[in-house]
J.: 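For reference, the structure I am asking about is given below.
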Amino acid sequence: MIMKKPLFLALIISFFFISNVDSQSPASDSCSSDPFTLQNPLPFNTSSLHCVSVWASQGFILRYAQAESNLWNFVLSAPNTNAYIAIGFSPDGNMVGSRAVVGWVAGDGTTNIKKYHLGGQSPNQVVIEPSEKVELRIGNLSSVVIQSNRIYMAFQVISDTTPTPRLLYAVGPAGRLPSGTNFQLSEHDNRVSTTINYATGVFENNKHKPVTSLRKAHGILNMFGWAILLSIGAMVARYMRKWDPLWFYCHASIQTLGFLLGLIGIICGLVLEKRLTGASVGKHKGLGITVLVLGCLQVMAVLARPDKEAKLRKYWNWYHFGVGRLLIFLAAINVFYGIHLGKAGSGWNAGFAVFLIIVFILTVIFELRICFKK
């Protein structure tokens, strides 16, 4: 009986050890397990794939290789948590504007893989995109395989150049898989932005978002500086003249502040252009520089303003009035165009449009009062 107790304890310890190993192994995968093989073979050759652990905290492993001059093979693996997994190809490191390949396993065991265009931050702006879309062309060979409680999402990218190195990874909320006829995605539960060197496999996490912050600063400063403050200052000069000289000091202060904010905003835009790769902002930049030139002309005109009694004062007033209105008009157009380029969403468009509508209504009211007084 004494000899049986150690044997019994040994059996218990062995049982827990084996159970623990078994519980950990289903979701295990590592680059050291290469050569990479699966029980259900993938639709393309996986013998020479580079392997990188791109998101250790979530168990994401990326394997990739250039199969042909214009063809790249990718395999993304992650634990199967009853959620979708996604890899996004971003032109600038941001989610908005990127294309994402998303895979998941439905409740009945069927597997799915879809390509989405992330056009904005709201769910209705994340839509399925045809695989042959030029911005990210997906090859015909793609599949999702389940093995050892892990999802293996395999797909091909057709590109004459190296795919963008700015890759995003996301995992969806557990139990909320894409559904409906449009396979609407729920907001991700967690995500990470990385930059990878395809030649060496070295990658880094983009923990900070200087481009995003710079983009917001550029947009907000230009909107408030050129479009909002200058509009308010122009209305002060037009409709508050009976409070002389208060109107002049208010007008000068508001316009000066608007010019300075707009100038800083344009500088931010020039810096942002250098940091963005492949961004087509020629028209937006041209309009912005035109607005800046008009603003500088207004400043120089103020410095050369003739006296009230001078004969040239009338023509100077016409010039100051016309250039100022043209500046505000072009600035408003460029703000809307910038919102479109930045894919900031309909909220920014609606907010700025509401401001313009209010300005228009007030202008009509004040102009009618002036006409009636005459």
Side-chain angles (χ1 to χ4, degrees), residues 20-67 71-90 92-95 98-105 111 113 115-116 118 136 138 141-157 159 162-174 188-209:
N20 184 51
V21 170
D22 185 64
S23 64
Q24 292 179 359
S25 60
S28 65
D29 184 19
S30 69
C31 294
S32 61
S33 62
D34 288 345
F36 176 57
T37 56
L38 294 175
Q39 294 175 355
N40 297 322
L42 295 176
F44 48 75
N45 184 17
T46 61
S47 61
S48 59
L49 296 176
H50 298 282
C51 183
V52 184
S53 177
V54 291
W55 196 6
S57 62
Q58 296 291 333
F60 274 49
I61 293 178
L62 178 68
R63 293 176 171 89
Y64 65 91
Q66 184 175 11
L71 185 65
W72 290 73
N73 295 335
F74 289 89
V75 180
L76 178 66
S77 77
N80 182 14
T81 59
N82 193 27
Y84 68 78
I85 63 171
I87 175 173
F89 294 80
S90 173
D92 54 11
N94 295 307
M95 183 188 75
S98 63
R99 265 76 184 178
V101 180
V102 183
W104 69 94
V105 182
T111 58
I113 182 169
K115 188 185 78 164
Y116 291 81
L118 310 182
L136 181 66
I138 302 298
L141 301 180
S142 60
S143 67
V144 174
V145 174
I146 299 296
Q147 180 172 309
S148 300
N149 203 29
R150 286 185 68 88
I151 301 177
Y152 293 84
M153 182 173 67
F155 61 94
Q156 294 180 310
V157 172
S159 176
T162 302
T164 174
R166 297 175 178 86
L167 302 180
L168 313 175
Y169 304 94
V171 58
H188 54 262
D189 190 52
N190 202 354
R191 76 177 182 95
V192 67
S193 174
T194 68
T195 302
I196 190 170
N197 184 322
Y198 287 107
T200 63
V202 176
F203 79 101
E204 61 179 356
N205 289 330
N206 302 328
K207 297 181 180 179
H208 305 288
K209 300 180 180 179

J.: Does any non-hydrogen side-chain atom of S77 lie less than 4.5 Å from one of R63?
T.: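 Contact flag for R63/S77 side chains = yes.
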J.: Do the side chains of R166 and T195 get nearer than 4.5 Å, heavy atoms only?
T.: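 The answer is yes, as the side chains (C-beta and beyond) meet within the 4.5 Å cut-off.
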J.: Is any side-chain heavy atom of F155 closer than 4.5 Å to one of S143?
T.: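 Answer no - side chains too far apart.
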J.: Aromatic ring centroids of F89 and F74 under 6.0 Å?
T.: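 Judged by ring-centre distance (under 6.0 Å), F89 and F74 do meet the cut-off.
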J.: Do I61 and C51 come within less than 4.5 Å of each other through their side chains, counting heavy atoms only?
T.: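 Counting from C-beta outward, I61 and C51 do come under 4.5 Å.
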J.: Does the side chain of F60 reach to within under 4.5 Å of the side chain of V192, using non-hydrogen atoms?
T.: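 No; the side chains remain at least 4.5 Å from each other.
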J.: Please find the pair of heavy atoms, one from Q147 and one from Q39, that lie closest to each other, and give the distance.
T.: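 Taking every non-hydrogen atom into account, OE1-N, 2.6 Å.
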J.: Say you draw a straight line from NE2 of H50 to CD of Q66; how long is it, rounded to the nearest 0.5 Å?
T.: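 Reported to 0.5 Å precision, the distance equals 9.0 Å.
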J.: Between L141 and P43, which heavy-atom pair has the shortest distance, and what is it?
T.: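 Looks like CD1-O, 3.4 Å.
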J.: Return the minimal non-hydrogen interatomic distance between G93 and S193, and the atom names on each side.
T.: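 Looks like O-OG, 3.2 Å.
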J.: Give a yes or no answer on whether the side chain of T164 reaches the backbone of S90 with a donor-acceptor pair at less than 3.5 Å.
T.: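 It does hold such a pair.
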J.: Any side-chain heavy atom of K115 sitting closer than 4.5 Å to one from L136?
T.: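 Side chain of K115 against side chain of L136, heavy atoms only: contact under 4.5 Å found.
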J.: When rounded to the nearest 0.5 angstrom, what is the spacing between CD1 in I151 and OG1 in T81?
T.: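 Answer for the CD1-OG1 pair, I151 versus T81, is 6.5 Å.
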J.: Looking only at heavy atoms, which two atoms of A65 and S48 are closest? And how far apart?
T.: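 The pair with the smallest heavy-atom distance is CB-O, 3.7 Å.
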J.: Of N205, T194, V171, I85, which meets side chain to side chain contact (heavy atoms under 4.5 Å, CB included) against W55?
T.: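 So the option named by the test is V171.
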J.: Rounded to the nearest 0.5 Å, how far does CZ of F203 lie from OG of S53?
T.: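 Rounded to the nearest 0.5 Å, the OG-CZ separation comes to 6.0 Å.
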J.: Under 4.5 Å between any side-chain heavy atoms of Y198 and T200, yes or no?
T.: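 The answer is no, as the side chains (C-beta and beyond) never meet within the 4.5 Å cut-off.
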J.: Taking the side chain as C-beta and beyond, is there a heavy-atom pair between V101 and I138 under 4.5 Å?
T.: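 Yes, their side chains come closer than 4.5 Å.
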J.: Could you give the distance from OG1 (T162) to CD1 (I196), rounded to the nearest 0.5 Å?
T.: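 The distance works out to 12.0 Å.
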J.: I need the minimum non-hydrogen distance between M153 and V144, along with the two atoms involved.
T.: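 Looking at all heavy atoms of both residues, the shortest contact is CG-CG2, 4.2 Å.
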J.: If you round to the nearest 0.5 Å, how far is CG of N73 from CZ of F44?
T.: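 The CG atom of N73 is 4.5 Å from CZ of F44, to the nearest 0.5 Å.
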J.: R150 and G59: which non-hydrogen atoms are nearest, and at how many Å?
T.: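 Taking R150 first and G59 second, the nearest heavy atoms are NH2-O, 2.7 Å.
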J.: In this structure, which one of Y169, Y64, Y152 forms a side chain to side chain contact (heavy atoms under 4.5 Å, CB included) with L76?
T.: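 Single side chain to side chain contact (heavy atoms under 4.5 Å, CB included) partner of L76 among Y169, Y64, Y152: Y169.
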